[in-house]
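This report refers to the structure that appears directly beneath it.
So you know, we letter chains A, B, ... as the sequences are listed, proteins then strands, and number each from 1.
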Protein chains: 2
Amino acid sequence: MDPVIELLRKHGIQATPQRIAVAQVALESAAHPSADEVLAQVRRRCPTVSRATVYNTLHLFVERGLLHAQVLREGTVVFDPLVEPHHHFVDDETGRIYDVPWDALKVTGHRSLADFDVREHQVVLRGRRRRT
Amino acid sequence: MDPVIELLRKHGIQATPQRIAVAQVALESAAHPSADEVLAQVRRRCPTVSRATVYNTLHLFVERGLLHAQVLREGTVVFDPLVEPHHHFVDDETGRIYDVPWDALKVTGHRSLADFDVREHQVVLRGRRRRT
DNA sequence: GTTCGTGCAAACGGTTTGCAACAAT
DNA sequence: ATTGTTGCAAACCGTTTGCACGAAC
(Lines give C-alpha, C1' and ligand atoms only; values in the text may rest on other atoms or scores of the structure.)
Protein backbone atom coordinates (compact mmCIF):
# COMPACT_ATOMS: atom_id res chain seq x y z
CA MET A 1 0.00 0.00 0.00
CA ASP A 2 1.14 3.49 -0.77
CA PRO A 3 2.96 4.73 2.35
CA VAL A 4 1.24 8.09 2.03
CA ILE A 5 -2.17 6.48 2.52
CA GLU A 6 -1.00 4.84 5.70
CA LEU A 7 0.44 8.13 6.91
CA LEU A 8 -2.88 9.89 6.37
CA ARG A 9 -4.83 7.12 8.14
CA LYS A 10 -2.42 7.22 11.02
CA HIS A 11 -3.36 10.84 11.52
CA GLY A 12 -7.08 10.17 11.29
CA ILE A 13 -7.42 11.54 7.77
CA GLN A 14 -9.61 9.81 5.22
CA ALA A 15 -7.41 9.09 2.24
CA THR A 16 -9.19 10.45 -0.82
CA PRO A 17 -7.46 10.72 -4.20
CA GLN A 18 -7.29 14.51 -3.89
CA ARG A 19 -5.72 14.38 -0.45
CA ILE A 20 -3.24 11.78 -1.59
CA ALA A 21 -2.24 14.05 -4.45
CA VAL A 22 -1.86 17.04 -2.14
CA ALA A 23 0.12 14.94 0.30
CA GLN A 24 2.47 13.71 -2.40
CA VAL A 25 3.21 17.26 -3.45
CA ALA A 26 3.27 19.09 -0.13
CA LEU A 27 4.88 16.45 2.07
CA GLU A 28 7.64 15.64 -0.38
CA SER A 29 8.62 19.16 -1.40
CA ALA A 30 11.51 20.94 0.29
CA ALA A 31 10.71 24.08 -1.71
CA HIS A 32 8.31 25.61 0.83
CA PRO A 33 5.46 26.00 -1.65
CA SER A 34 2.51 28.31 -1.23
CA ALA A 35 -1.01 26.94 -1.44
CA ASP A 36 -1.33 28.04 -5.03
CA GLU A 37 1.97 26.42 -5.95
CA VAL A 38 0.75 23.19 -4.41
CA LEU A 39 -2.45 23.57 -6.40
CA ALA A 40 -0.54 24.01 -9.66
CA GLN A 41 1.60 20.94 -8.97
CA VAL A 42 -1.37 18.83 -8.00
CA ARG A 43 -3.26 19.82 -11.12
CA ARG A 44 -0.50 18.55 -13.35
CA ARG A 45 -1.49 15.07 -12.23
CA CYS A 46 -5.11 15.61 -11.37
CA PRO A 47 -6.47 18.64 -13.27
CA THR A 48 -9.97 18.48 -11.80
CA VAL A 49 -8.92 19.34 -8.24
CA SER A 50 -10.47 22.54 -6.97
CA ARG A 51 -8.69 25.37 -5.26
CA ALA A 52 -10.92 25.04 -2.21
CA THR A 53 -10.03 21.39 -1.77
CA VAL A 54 -6.31 22.14 -1.78
CA TYR A 55 -6.74 24.92 0.77
CA ASN A 56 -8.96 22.72 2.93
CA THR A 57 -6.50 19.86 2.73
CA LEU A 58 -3.46 21.96 3.55
CA HIS A 59 -5.19 23.39 6.58
CA LEU A 60 -6.23 19.93 7.64
CA PHE A 61 -2.64 18.73 7.35
CA VAL A 62 -1.45 21.66 9.45
CA GLU A 63 -4.12 20.92 12.08
CA ARG A 64 -3.02 17.30 12.20
CA GLY A 65 0.66 18.15 12.46
CA LEU A 66 1.76 16.87 9.06
CA LEU A 67 2.76 20.34 7.89
CA HIS A 68 3.75 23.64 9.40
CA ALA A 69 2.58 26.96 7.99
CA GLN A 70 5.31 29.58 7.92
CA VAL A 71 5.09 33.34 7.41
CA LEU A 72 8.25 33.98 5.45
CA ARG A 73 7.14 35.42 2.13
CA GLU A 74 5.21 38.61 1.50
CA GLY A 75 1.59 38.07 0.74
CA THR A 76 1.47 34.32 1.16
CA VAL A 77 1.87 31.56 3.67
CA VAL A 78 4.24 28.72 2.77
CA PHE A 79 4.01 25.11 3.91
CA ASP A 80 6.86 23.11 5.33
CA PRO A 81 6.80 19.34 5.76
CA LEU A 82 9.70 19.53 8.18
CA VAL A 83 7.78 19.80 11.43
CA GLU A 84 10.68 19.49 13.81
CA PRO A 85 12.09 22.80 15.06
CA HIS A 86 14.51 24.39 12.64
CA HIS A 87 15.54 27.75 11.22
CA HIS A 88 15.15 29.29 7.79
CA PHE A 89 17.28 31.04 5.23
CA VAL A 90 15.63 33.26 2.62
CA ASP A 91 17.54 34.00 -0.57
CA ASP A 92 17.34 37.72 -1.32
CA GLU A 93 17.48 37.25 -5.08
CA THR A 94 15.30 34.24 -5.73
CA GLY A 95 13.06 34.40 -2.69
CA ARG A 96 13.68 30.70 -2.19
CA ILE A 97 13.51 29.40 1.34
CA TYR A 98 15.93 26.85 2.72
CA ASP A 99 15.80 24.88 5.93
CA VAL A 100 18.63 25.42 8.39
CA PRO A 101 19.13 22.57 10.88
CA TRP A 102 18.28 23.37 14.46
CA ASP A 103 21.79 22.53 15.63
CA ALA A 104 23.50 24.79 13.12
CA LEU A 105 22.62 27.84 15.20
CA LYS A 106 22.41 28.54 18.87
CA VAL A 107 20.21 31.20 20.44
CA THR A 108 20.70 32.32 24.02
CA GLY A 109 18.86 34.82 26.14
CA HIS A 110 15.31 33.97 25.12
CA ARG A 111 14.61 32.30 28.44
CA SER A 112 15.38 35.35 30.51
CA LEU A 113 13.05 37.90 28.93
CA ALA A 114 11.02 39.66 31.56
CA ASP A 115 7.90 40.48 29.56
CA PHE A 116 7.55 37.44 27.33
CA ASP A 117 6.71 33.81 27.83
CA VAL A 118 8.41 32.30 24.80
CA ARG A 119 6.77 29.16 23.40
CA GLU A 120 8.96 28.82 20.32
CA HIS A 121 11.65 30.64 18.49
CA GLN A 122 13.35 30.49 15.15
CA VAL A 123 16.09 32.40 13.42
CA VAL A 124 15.34 33.91 10.03
CA LEU A 125 18.46 34.46 7.96
CA ARG A 126 18.54 36.51 4.78
CA GLY A 127 21.25 36.80 2.19
CA ARG A 128 22.48 34.96 -0.86
CA ARG A 129 22.83 31.28 -1.35
CA ARG A 130 26.39 30.47 -2.33
CA ARG A 131 26.88 29.44 -5.95
CA THR A 132 27.65 25.74 -5.58
CA MET B 1 9.76 73.94 12.14
CA ASP B 2 8.15 70.57 12.66
CA PRO B 3 11.01 68.11 13.21
CA VAL B 4 9.27 65.61 10.93
CA ILE B 5 9.55 67.98 7.99
CA GLU B 6 13.25 68.33 8.54
CA LEU B 7 13.61 64.58 8.79
CA LEU B 8 11.88 64.10 5.45
CA ARG B 9 13.98 66.76 3.75
CA LYS B 10 17.12 65.21 5.15
CA HIS B 11 16.19 62.04 3.33
CA GLY B 12 15.44 63.83 0.09
CA ILE B 13 11.69 63.58 0.45
CA GLN B 14 9.44 66.48 -0.48
CA ALA B 15 7.37 67.24 2.60
CA THR B 16 3.75 67.31 1.51
CA PRO B 17 0.88 67.37 4.02
CA GLN B 18 -0.01 63.78 3.20
CA ARG B 19 3.53 62.57 3.74
CA ILE B 20 3.81 64.47 6.98
CA ALA B 21 0.65 62.82 8.21
CA VAL B 22 1.89 59.36 7.22
CA ALA B 23 5.22 60.08 8.86
CA GLN B 24 3.60 61.18 12.09
CA VAL B 25 1.65 57.96 12.27
CA ALA B 26 4.15 55.43 10.96
CA LEU B 27 7.36 56.79 12.44
CA GLU B 28 5.92 57.31 15.89
CA SER B 29 4.06 54.04 16.28
CA ALA B 30 5.64 51.10 18.08
CA ALA B 31 2.62 48.97 17.18
CA HIS B 32 4.01 47.64 13.88
CA PRO B 33 0.99 48.77 11.87
CA SER B 34 0.03 47.44 8.46
CA ALA B 35 -0.45 49.84 5.56
CA ASP B 36 -4.21 49.82 6.05
CA GLU B 37 -3.84 50.51 9.74
CA VAL B 38 -1.65 53.49 8.92
CA LEU B 39 -4.27 54.62 6.41
CA ALA B 40 -7.01 54.44 9.01
CA GLN B 41 -4.95 56.43 11.52
CA VAL B 42 -3.99 59.03 8.95
CA ARG B 43 -7.60 59.47 7.85
CA ARG B 44 -8.67 60.35 11.36
CA ARG B 45 -6.71 63.57 10.92
CA CYS B 46 -6.84 63.96 7.18
CA PRO B 47 -9.85 62.09 5.75
CA THR B 48 -9.16 62.92 2.12
CA VAL B 49 -5.94 60.94 1.85
CA SER B 50 -6.12 58.13 -0.65
CA ARG B 51 -5.08 54.58 -0.13
CA ALA B 52 -2.61 54.79 -3.01
CA THR B 53 -0.84 57.76 -1.48
CA VAL B 54 -0.34 55.94 1.81
CA TYR B 55 1.03 52.87 0.05
CA ASN B 56 3.29 55.01 -2.12
CA THR B 57 4.52 56.95 0.88
CA LEU B 58 5.24 53.90 3.00
CA HIS B 59 7.22 52.33 0.18
CA LEU B 60 9.10 55.56 -0.29
CA PHE B 61 9.97 55.67 3.40
CA VAL B 62 11.22 52.08 3.23
CA GLU B 63 13.32 52.89 0.16
CA ARG B 64 14.84 55.85 1.96
CA GLY B 65 15.55 53.90 5.13
CA LEU B 66 13.04 55.61 7.41
CA LEU B 67 11.06 52.43 7.91
CA HIS B 68 11.60 48.70 7.63
CA ALA B 69 9.01 46.36 6.18
CA GLN B 70 8.67 43.14 8.13
CA VAL B 71 6.99 39.88 7.19
CA LEU B 72 5.60 38.79 10.53
CA ARG B 73 1.84 38.63 10.10
CA GLU B 74 -0.16 36.48 7.74
CA GLY B 75 -1.46 38.28 4.73
CA THR B 76 0.10 41.65 5.40
CA VAL B 77 3.40 43.43 5.71
CA VAL B 78 3.96 45.54 8.81
CA PHE B 79 6.11 48.65 9.12
CA ASP B 80 8.65 49.25 11.82
CA PRO B 81 10.24 52.64 12.51
CA LEU B 82 13.01 50.98 14.47
CA VAL B 83 15.55 50.51 11.69
CA GLU B 84 18.46 49.33 13.77
CA PRO B 85 18.87 45.55 13.97
CA HIS B 86 16.61 43.94 16.53
CA HIS B 87 14.45 40.90 17.10
CA HIS B 88 10.70 40.43 17.36
CA PHE B 89 8.23 38.78 19.65
CA VAL B 90 4.77 37.90 18.33
CA ASP B 91 1.97 37.40 20.85
CA ASP B 92 0.03 34.24 19.99
CA GLU B 93 -3.25 35.54 21.32
CA THR B 94 -3.36 39.13 20.20
CA GLY B 95 -1.05 38.95 17.21
CA ARG B 96 0.69 42.03 18.51
CA ILE B 97 4.36 42.41 17.66
CA TYR B 98 6.95 43.66 20.12
CA ASP B 99 10.52 44.73 19.54
CA VAL B 100 13.20 42.76 21.34
CA PRO B 101 16.51 44.61 21.77
CA TRP B 102 19.40 43.27 19.76
CA ASP B 103 21.46 42.66 22.87
CA ALA B 104 18.78 40.68 24.64
CA LEU B 105 19.56 37.63 22.51
CA LYS B 106 22.69 36.17 21.09
CA VAL B 107 22.87 34.03 17.97
CA THR B 108 25.93 31.99 17.13
CA GLY B 109 26.73 29.76 14.19
CA HIS B 110 25.31 31.91 11.42
CA ARG B 111 28.78 32.87 10.20
CA SER B 112 29.88 29.32 9.57
CA LEU B 113 27.16 28.11 7.27
CA ALA B 114 28.62 26.49 4.19
CA ASP B 115 25.85 27.20 1.69
CA PHE B 116 24.68 30.62 2.73
CA ASP B 117 26.12 34.11 2.70
CA VAL B 118 24.15 35.68 5.53
CA ARG B 119 23.50 39.42 5.18
CA GLU B 120 21.21 39.79 8.15
CA HIS B 121 19.48 37.69 10.73
CA GLN B 122 16.77 38.10 13.28
CA VAL B 123 15.13 35.92 15.86
CA VAL B 124 11.35 35.58 15.77
CA LEU B 125 9.91 34.61 19.13
CA ARG B 126 6.33 33.49 19.61
CA GLY B 127 4.40 33.00 22.81
CA ARG B 128 2.40 35.04 25.28
CA ARG B 129 3.18 38.42 26.62
CA ARG B 130 3.24 38.32 30.42
CA ARG B 131 0.33 40.07 32.11
CA THR B 132 1.99 43.07 33.62
C1' DG C 1 -29.64 8.89 6.06
C1' DT C 2 -26.46 11.50 8.14
C1' DT C 3 -21.85 12.86 7.90
C1' DC C 4 -17.81 13.97 5.24
C1' DG C 5 -15.48 15.51 1.09
C1' DT C 6 -15.47 17.96 -3.28
C1' DG C 7 -16.13 21.55 -6.91
C1' DC C 8 -17.70 25.88 -8.39
C1' DA C 9 -18.37 30.57 -8.14
C1' DA C 10 -18.71 34.53 -5.60
C1' DA C 11 -16.86 37.31 -2.06
C1' DC C 12 -13.17 39.16 0.52
C1' DG C 13 -8.92 41.75 2.18
C1' DG C 14 -4.55 43.62 1.16
C1' DT C 15 -1.98 45.57 -2.53
C1' DT C 16 -0.87 47.45 -7.18
C1' DT C 17 -1.76 49.86 -11.39
C1' DG C 18 -3.39 53.32 -14.90
C1' DC C 19 -4.68 57.56 -15.53
C1' DA C 20 -6.15 62.31 -15.16
C1' DA C 21 -5.66 66.50 -12.39
C1' DC C 22 -2.69 69.32 -9.93
C1' DA C 23 1.42 71.40 -7.54
C1' DA C 24 6.38 72.26 -7.46
C1' DT C 25 10.54 73.28 -9.66
C1' DA D 1 7.76 72.79 -19.63
C1' DT D 2 9.00 69.18 -17.15
C1' DT D 3 8.80 66.57 -13.24
C1' DG D 4 6.78 65.01 -8.98
C1' DT D 5 2.54 64.10 -6.15
C1' DT D 6 -2.20 63.02 -5.40
C1' DG D 7 -6.85 60.79 -5.77
C1' DC D 8 -9.94 57.65 -7.83
C1' DA D 9 -11.34 53.49 -9.69
C1' DA D 10 -10.36 49.27 -11.52
C1' DA D 11 -7.59 45.35 -11.50
C1' DC D 12 -5.05 41.83 -9.14
C1' DC D 13 -3.65 38.02 -6.14
C1' DG D 14 -4.03 34.93 -2.34
C1' DT D 15 -7.50 33.25 0.48
C1' DT D 16 -12.17 32.24 2.38
C1' DT D 17 -17.03 31.26 2.15
C1' DG D 18 -21.66 29.38 0.74
C1' DC D 19 -23.88 26.04 -1.33
C1' DA D 20 -25.19 21.94 -3.86
C1' DC D 21 -23.75 17.43 -5.43
C1' DG D 22 -21.80 13.05 -4.46
C1' DA D 23 -19.32 9.43 -1.76
C1' DA D 24 -18.54 6.97 2.54
C1' DC D 25 -19.91 5.18 6.78
Check: At under 4.0 Å, does any side-chain N or O of B:Thr53 touch on OP1 or OP2 of D:dT5?
Finding: no
Checklist line | Hydrophobic cluster identity match, B:Phe116 and A:Val90, side-chain contacts under 4.5 Å | finding: no
Margin query: Defining pairs by Watson-Crick or G-U wobble geometry with both distances under 3.5 Å, how would you list the stems of DNA chain D with at least three pairs each?
Written below: C:1-25 with D:1-25
Item checked: C:dT15 OP1/OP2 closer than 4.0 Å to side-chain N/O of B:Tyr55 -> yes
Margin query: Mind checking if B:Thr48 touches a base, just sugar-phosphate, or nothing, with heavy atoms under 4.0 Å?
Written below: sugar-phosphate
Next item on the list: Verify the contact: side-chain N or O of B:Gln18 to OP1 or OP2 of D:dT6, cut-off strictly under 4.0 Å; return yes or no.
Entry: yes
Notebook entry, point to check: Got more than 12 heavy atoms from elsewhere within 6.0 Å of CZ, A:Arg119?
Noted result: yes
Margin query: Among D:dT15, D:dG7, C:dT6, which nucleotide has an atom closest to any side-chain atom of A:Asp36?
Written below: D:dT15
Checklist line | Residue A:Arg64 excluded, over 12 heavy atoms near CZ under 6.0 Å | finding: yes
Next item on the list: Select one nucleotide: of D:dT15, D:dC8, C:dG14, the one nearest the side-chain heavy atoms of A:Thr76.
Entry: D:dT15
Next item on the list: Take the protein atom CZ of B:Arg73 and the nucleotide atom C1' of D:dT15, then report the distance between them rounded to whole Å.
Entry: 17 Å
Margin query: Measure CZ/B:Arg51 against C1'/D:dC12 and give the value in whole Å, please.
Written below: 14 Å
Notebook entry, point to check: Closer than 4.0 Å, any side-chain N/O of B:Thr16 to the OP1 or OP2 of C:dA23?
Noted result: no
Item checked: Phosphate-side-chain proximity, A:His59 and D:dT16, N/O vs OP1/OP2 below 4.0 Å -> yes
Next item on the list: Send over the distance from A:Gln14 CD to C:dG5 P, rounded to a whole Å.
Entry: 5 Å
Check: Does A:Ser34 put a side-chain nitrogen or oxygen below 4.0 Å from OP1 or OP2 of D:dG14?
Finding: no
Check: In whole angstroms, how far is the P atom of D:dG14 from the CG atom of A:Leu72?
Finding: 17 Å
Next item on the list: Calculate the interatomic distance between B:Ile13 atom CD1 and D:dT5 atom P; express it in whole Å.
Entry: 9 Å
